[in-house]
4 protein chains.
Amino acid sequence: MGEKGTAARRLDIIHTARDSFAEKNYHETKISDITKHLGISHGTFYNYFKNKSDIFTHIIKIYIKKLEEIFLKENPGLSNNAIEFRNQLIRLGNELFDVFIEDQKMYDILFYRARIAGLEIKKEVTKLFKTADLFVEKYLAHGVNKKFLRSSIDASLNAKAIRGMTTVALEDLMENDAPLQLKERWILLLSNFIIDGLS
Amino acid sequence: MGEKGTAARRLDIIHTARDSFAEKNYHETKISDITKHLGISHGTFYNYFKNKSDIFTHIIKIYIKKLEEIFLKENPGLSNNAIEFRNQLIRLGNELFDVFIEDQKMYDILFYRARIAGLEIKKEVTKLFKTADLFVEKYLAHGVNKKFLRSSIDASLNAKAIRGMTTVALEDLMENDAPLQLKERWILLLSNFIIDGLS
Amino acid sequence: MGEKGTAARRLDIIHTARDSFAEKNYHETKISDITKHLGISHGTFYNYFKNKSDIFTHIIKIYIKKLEEIFLKENPGLSNNAIEFRNQLIRLGNELFDVFIEDQKMYDILFYRARIAGLEIKKEVTKLFKTADLFVEKYLAHGVNKKFLRSSIDASLNAKAIRGMTTVALEDLMENDAPLQLKERWILLLSNFIIDGLS
Amino acid sequence: MGEKGTAARRLDIIHTARDSFAEKNYHETKISDITKHLGISHGTFYNYFKNKSDIFTHIIKIYIKKLEEIFLKENPGLSNNAIEFRNQLIRLGNELFDVFIEDQKMYDILFYRARIAGLEIKKEVTKLFKTADLFVEKYLAHGVNKKFLRSSIDASLNAKAIRGMTTVALEDLMENDAPLQLKERWILLLSNFIIDGLS
DNA sequence: CATGAATGAGGTTTCATTCAT
DNA sequence: AATGAATGAAACCTCATTCAT
């Protein structure tokens, strides 16, 4: 290569593609959009990725992994009372929202663009949401167990409802110029909603 | 035409297009998918719609209007206490969910396919969600006013949160084979969540 | 269509493609070679054939069928002595050679271009040659049976050898400007060779 | 280079290219097929050959030379009677078939792949066949001269016919797992066919 | 109104070849 | 000599749209 090294060029391509996919959608994103923006020939793109579908899949898989890592890191059985539970929710919310704030394109790609992809990637994204739902469900079950959540709650549906609120929160953060302050409000709201609504 | 009259044929085209858009996405839906399914020629399509974008926009606008009518019909200032409020929520939830259950394609088109469309249509859908948020916000403000909702709530964010839960509820209903029973569970959950969480 | 009718246009495309394939090979034949020659747009080509492979396969299948019909029409068990046998060989040779003389591109396509095609078509052509070998073998076996051919002959190899001579005969005819006279010489030679060599 | 010396590397490239051309055809053979198989870079290939066409031509010319040497080595005027003639045919057949059995790729490349090459190489291969025909013709003429072959034979066409049989024999040998035994049968058949058919 | 043949802009992808290191 | 990143010509193919009948 010379100037930049091939790993750096690969990253350049990924970032440019990510931006375009976030903004425009798979079909509207042309290979030439990416290469023109980087000032390289379209042939070069194909030295780094097999085809358009390849880079799209690649980007989405990175995002999926990022989120799954958050879920794996946390332990749903950690808190012993409502106060500890709330603290855990706050920590979790911060982690999750920070990932999206850090890479603002992630939301669009994961929530909109991915739904359109080929079956294989669509399934993986659907699986991600199911994983998230189950993850929340475990928290609720633990809270019921420890008696700081009502035993009568519909855990499965509530988990989904919480995912729905979180999704909208993310959407709201993404549209906002000062997401950090808004984040606090949302985390407060979500933890209140969950604890007051379900205890 | 002959047999059916041109209004009926226009409807045929709309319905076929709707089914295809719901299932496949704007770009994956070919004009020939529609015309082949109806047994008519390409050319005929263009006697009824200016182009592909035209019919897509048309379908989405129908849906937007349908939902806006629900919002307009209800009066946020009607209930005087928590019990009446809950009944109103239940009635509203039923109306909203029924529209989607009746036309199962509506969810996919409005929540996924529309997001991808050209800027103009994207804006209209975004506006629809803002309208929904405002609509909910009015309910909450009224509840605060009548003192059956806490005065400290963050009405704007809560409205969005409620929209998020509702979206997930719809998603869940659409995936389910017996949506009517599930609907009851969701309406119960949503009204509980709102009233317990916010009062 | 208008001027020519769609069947005629389809034929035009087939003939032009055939000429190009005969002269140039599958990969060297560009769709634009065909369409430019016909003065139509390349899009039009795709209204008549699915893709390049499609028309190539189509042409070869026509040829295969043509030859198989010749084999089916003749009855290897018809002749009772060497004279009748020779007459049958002459008739058969005439039929076969005439088909190739009539459509001079057939030889190149079947003997050279087809060998390069995808596996499926390659197999069909190989099968055609095996069919031809078996066909000749039956004639030889019948001759042995009727005792106007030696019983010691290696029927399987001889059948192939005869096919080899015939192939070269065709090659020779194709290169020649006055194939009809040359045809007589070849038929004489082949029938002599077979009867004198094997009786 | 180091280890092997550049002449050896050149040979490596030729052999790999030969294998690929035999199996796959000119256009299906990518430069990267060759270099990947050898574990060298693209660029290296171009240190040894001008371009893809160059190495293809080179390989075919080697083969052409090999065959022409066989023809030059033999003397058509050597045999004085049918028995000596037959022995000569047997010797010749063995030599020819052995060359092809030894390098099984030769048949495919010379009989199929070469026909597709650019005009120049096509002409050389055609010339080779003409040389072979002439070579056989001389044998036949000598046999007529010496009176152990009929004087009425059509020497030119018969030479071609013999080439046709030989080609099919080669094809048969190449497809067979035990070519050495099959070779005997073919040599027997060919010499019988020629001597019985033409004397 | 209906038809459907024709069009061609526009995109994706391949791969031989170059050249600076 | 060897490397391999970069190039870009060149091909394939799709499909919305037009328009003459």
If you assign each of B:G43 and D:E28 to its closest nucleotide in DNA chain E, which residue comes earlier from the 5' end?
B:G43
Protein-nucleotide distance (C:H27, atom NE2; E:dA16, atom P), rounded to Å
12 Å
Kindly say if B:T44 contacts the phosphate of E:dT3, meaning a side-chain N or O under 4.0 Å from OP1 or OP2.
yes
Do the non-hydrogen side-chain atoms of D:F111 and D:M106 ever get within less than 4.5 Å of each other?
no
Assess whether one donor atom and one acceptor atom, taken from the side chain of C:N47 and the base of E:dA6, lie less than 3.5 Å apart.
yes
Within this structure, what is the CD1-to-P distance between B:I13 and E:dC1, rounded to whole angstrom?
11 Å
Side chains of B:F45 and B:I55: does their closest heavy-atom pair fall under 4.5 Å?
yes
Quick check: on DNA chain E, is the nucleotide nearest A:K30 upstream (toward 5') of the one nearest D:K30, or the reverse? Name the residue that is more 5'.
A:K30
State, with a plain yes or no, whether a side-chain heavy atom of A:Y48 is found less than 4.5 Å away from one of A:I14.
no
A:K105 (side chain) donor-acceptor with A:H15 (main chain) under 3.5 angstrom
no
Short side-chain N/O contact from C:T6 to OP1 or OP2 of E:dA5, under 4.0 Å:
no
Euclidean distance, atom CZ of residue B:F45 to atom P of F:dC19 [Å, nearest integer]:
17 Å
Check this for me: does the side-chain of A:H42 come within 3.5 Å of the base of E:dT13 through a donor and an acceptor?
yes
Partner lookup for E:dT3, please. Criteria are Watson-Crick or G-U wobble with both distances under 3.5 angstrom; report none if nothing qualifies.
F:dA20
Residue-phosphate contact under 4.0 Å: C:Y48 side-chain N/O, E:dA5 OP1/OP2:
no
Name the closest nucleotide to the B:K52 side chain, picking from E:dC15, F:dC12, F:dA16.
F:dA16
Grab the CD1-C1' distance between B:I55 and F:dT17 for me, whole Å please.
15 Å
Is any side-chain heavy atom of B:V99 closer than 4.5 Å to one of B:K66?
yes
Reckon A:R9 has a side-chain N or O less than 4.0 Å from the OP1 or OP2 of F:dA6?
yes
E:dT14 OP1/OP2 closer than 4.0 Å to side-chain N/O of A:Y46
no
Integer-rounded Å distance: E:dT12 C1' and A:K50 NZ
15 Å
